[in-house]
There are 2 protein chains.
Amino acid sequence: MSDDRWVPPTVLLAVDLVILTMRESRLQVLLVQRGVEPYRGDLALPGGFLNHVEEDLPAAAHRELAEEAGLSADQLHLEQLGVYGTPGRDPRGRVVSVAYLAIAPRLPEPTAGTDASDACWTSTDRALSAEARLAFDHRRIVADGVERARAKLEYSALATAFCGPTFTISELQDVYEAVWGVSLDPRNFYRKVQSVDGFIVPAGTTRRTDTGRPARLFRPGPREALHPPMTRPTGPADKETAKA
Amino acid sequence: MSDDRWVPPTVLLAVDLVILTMRESRLQVLLVQRGVEPYRGDLALPGGFLNHVEEDLPAAAHRELAEEAGLSADQLHLEQLGVYGTPGRDPRGRVVSVAYLAIAPRLPEPTAGTDASDACWTSTDRALSAEARLAFDHRRIVADGVERARAKLEYSALATAFCGPTFTISELQDVYEAVWGVSLDPRNFYRKVQSVDGFIVPAGTTRRTDTGRPARLFRPGPREALHPPMTRPTGPADKETAKA
DNA sequence: TCAATAGTGTCTTTTAGACAGTATTGA
DNA sequence: TCAATACTGTCTAAAAGACACTATTGA
């Protein structure tokens, strides 16, 4: 049991990012096409190995966020998602990857002119479908990230991270509908988000759209945990069926 | 930016366990006294380095569970808690630790006769208090584990993992009260857990106690997610104040 | 004017919370 | 019998869900 010569094994440490945003009223994830082996040509999450042995994990996540997506740390939610380290998941050796979940507000353009201009936004439905070819175990990581986002919309103010500095209530509702894949009653939604104290606070101004009455603008409130939580509709009433 | 000689750095990978159980109507965590440097003599979570470079992470967690606590995989909840890899957290080098959260039913005795007989159950209140000396960043890991358990009692059937194969409703209530640190109305609790379909199912038998009417026994039901969730009382009504 | 979106009010159903009261055991 | 715990019923307040209605814009 005890071998004096035994030394603990070392592993390669990588950081992978599930970057979610709202585009075209859909939940989308940033994927890059791999230019090198293994899985050359397949889609993968942005990420990479630690730069040096003393690099901090959140620092590495922010670095990849900047390098591969051109996103800065300001106004962006970042949290650890989990560790993926099954032996054999990477043919190059024992690679253990720390996955981070990032939520970004809608961005000007699909990250043109960045280091990784081969990055593209893909709807999570498509990324998780059978047709998409994802490298490594990245399909599972995306699925876990989406599931985390779904769950956190219920009991936290995470939804505001998908919006800009100010947003309308129907924008916020679009986030809930897209992430949950359901259709919500605008009137009850309006009442609900306003009644949860500290979730959103009025910004005082309004925003016009092409048509209809201008909507009041709101800012994220100080409240992080939602009590009582937003209730996710149960049963088979998903958005597609409901709108059909 | 691109140095042809650059190779990704390697790190040491460890697994640490937050093993929670109910003892004396309190939430307790298993801690071991370190026999070697660093932090020799301080309390620490059970855990250690990977045995070999191809060892799977859940396998390593189960191995430590058996070695350091004498617990087998049967009838024990195990989930990944997170990664703790701040540079400098371990003076021996860059050590990245994957923390697992284990929930065990009340056990016969405080793990006597095992490999690590210096293991002892400590109430989480005590482990998290200022007086306890915990090695590395294990105080934070314990805090995160307790917080995870608290949150999951709300929207999952995790509480049954603290109980044996069969249990009474008041046993289940004790779990909620100890983990949340609140006092709950037994009659409303009784109605509530029975109304959530598939949470617990009657086992058909009863169990006598020293005094009082025998209680019906229940088994964990098939439902993992609780809809609607158990509601954690808000405000300053904690168990200590309530019982004083 | 109409079409479209924003926002309010009101009713019904469900659920949480408080708590009186009955049931079944051991001493 | 009494003390102690298990369990049931009932009332009230709060919240969810359905949906009619008013408000404010551009065309």
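Sequence lines set the chain letters: A, B, ... in the order given, protein chains first and strands last, and positions in each chain run from 1.
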Checking A/Glu68 side chain against A/Gly47 main chain: does a donor-acceptor pair fall under 3.5 Å?
yes
All pairs passing side chain to side chain donor-acceptor pair (under 3.5 Å) where residues 162-172 of chain B contributes a residue, at least two apart
B/Thr168-B/Ser170, B/Glu171-B/Arg207
Ignoring hydrogens and geometry, is there a side-chain-to-backbone donor-acceptor pair from A/His62 to A/Ala73 under 3.5 Å?
no
Hey, is A/Asp144 close enough to A/Arg148 for a salt bridge, meaning N to O under 4.0 Å?
no
Are any protein N/O atoms closer than 3.5 Å to N/O atoms in nucleotides 6-8 of chain D? If there are, list each pair with its distance.
| residue | atom | partner | partner atom | Å |
| --- | --- | --- | --- | --- |
| D/dA6 | OP1 | B/Ser170 | OG | 2.8 |
| D/dA6 | N3 | B/Arg213 | NH1 | 3.4 |
| D/dC7 | OP1 | B/Arg216 | N | 2.8 |
| D/dC7 | O5' | B/Tyr190 | OH | 3.1 |

Distances for protein N or O near nucleotides 12-16 of chain D N or O, under 3.5 Å:
| residue | atom | partner | partner atom | Å |
| --- | --- | --- | --- | --- |
| D/dA16 | OP1 | A/Lys192 | NZ | 2.6 |

Picking from B/Val196, B/Asp197, B/Val193, what satisfies side-chain contact (heavy atoms from CB on, under 4.5 Å) with B/Leu226?
B/Val196
According to ring-ring contact (aromatic ring centres under 6.0 Å, His included), who are the partners of B/Tyr84, at least two apart in sequence or on a separate chain?
none
Which class fits the ring pair B/Tyr176 and B/Trp180: parallel under 30°, tilted 30 to 60°, perpendicular over 60°?
perpendicular
Quick one: CD1 on B/Ile19 to CG on B/Leu78, what's the gap to the nearest 0.5 Å?
9.0 Å
Test your reading of the model: is there a side-chain donor-acceptor pair from A/Glu177 to the backbone of A/Leu184, 3.5 Å cut-off?
yes
DNA chain C: 5'-most and 3'-most nucleotides touching chain B, 4.0 angstrom heavy-atom criterion:
C/dA16 to C/dG26
What residues form a side-chain hydrogen bond (donor to acceptor under 3.5 Å, both in side chains) with B/Arg216, not counting sequence neighbours?
B/Tyr190
